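A short worksheet on the structure shown next.
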Amino acid sequence: MIKPDRRKVGVLTFGTEIVTGADGSIAGLLGASPGASVAPSLMVEVLKICFPDRVDRWEAPLQWMMPGLARSGDTDEAPSESRA
């Protein structure tokens with residue numbers, strides 16, 4: 001991903017990022033294959049950002065589909081978040 005920078009034309013970054021509109025109406029998960037291992041838990045974060053009023057009722061089905069989701073700190077790679 002190339003991010004704007006005040007001193008340069010842009011800065012090339014690597015990793016996995018959640019990118020959302022400020023109002024939560026649009027979101028995406030950007031990353032390469034090294035970020036694939038954290039993609040499911042990050043997509044749950046996208047749901048929390050975009051649907052804060054609905055995510056509580058999705059908790060049980062998400063836990064059923066992804067039992068390991070409840071464990072925190074399982075990944076070595078910490079995602080960053082950008083808002084447009």
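This one's a predicted model, so the numbers in the text were calculated from it and none came from an experiment. These values consider heavy atoms only, across backbone and side chains, with no hydrogens, waters or symmetry-generated copies.
Between L62 and E59 the shortest side-chain heavy-atom distance does not fall below 4.5 Å.
Between atom CE of residue M43 and atom SG of residue C50 there is a gap of 8.5 Å, rounded to the nearest 0.5 Å.
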- Task: Tell me, with the steps shown, if K48 and V44 meet side chain to side chain contact (heavy atoms under 4.5 Å, CB included).
- Result: CA-CA 6 Å; K48 290 177 181 178; V44 171; 4.0 Å; yes
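Tracing side-chain contacts under 4.5 Å through hydrophobic residues (I, L, V, M, F, W, Y), one never reaches V9 starting from V11; they form parts of separate clusters.
In this structure R54 satisfies the side-chain contact (heavy atoms from CB on, under 4.5 Å) test together with F51, R57, W58, sequence neighbours excluded. Applying the salt bridge (Lys or Arg N to Asp or Glu O under 4.0 Å) rule to D56 yields no partners; only residues at least two apart in sequence or on another chain are considered. With sequence neighbours left out, the side-chain contact (heavy atoms from CB on, under 4.5 Å) criterion links L12 to I2, F14.
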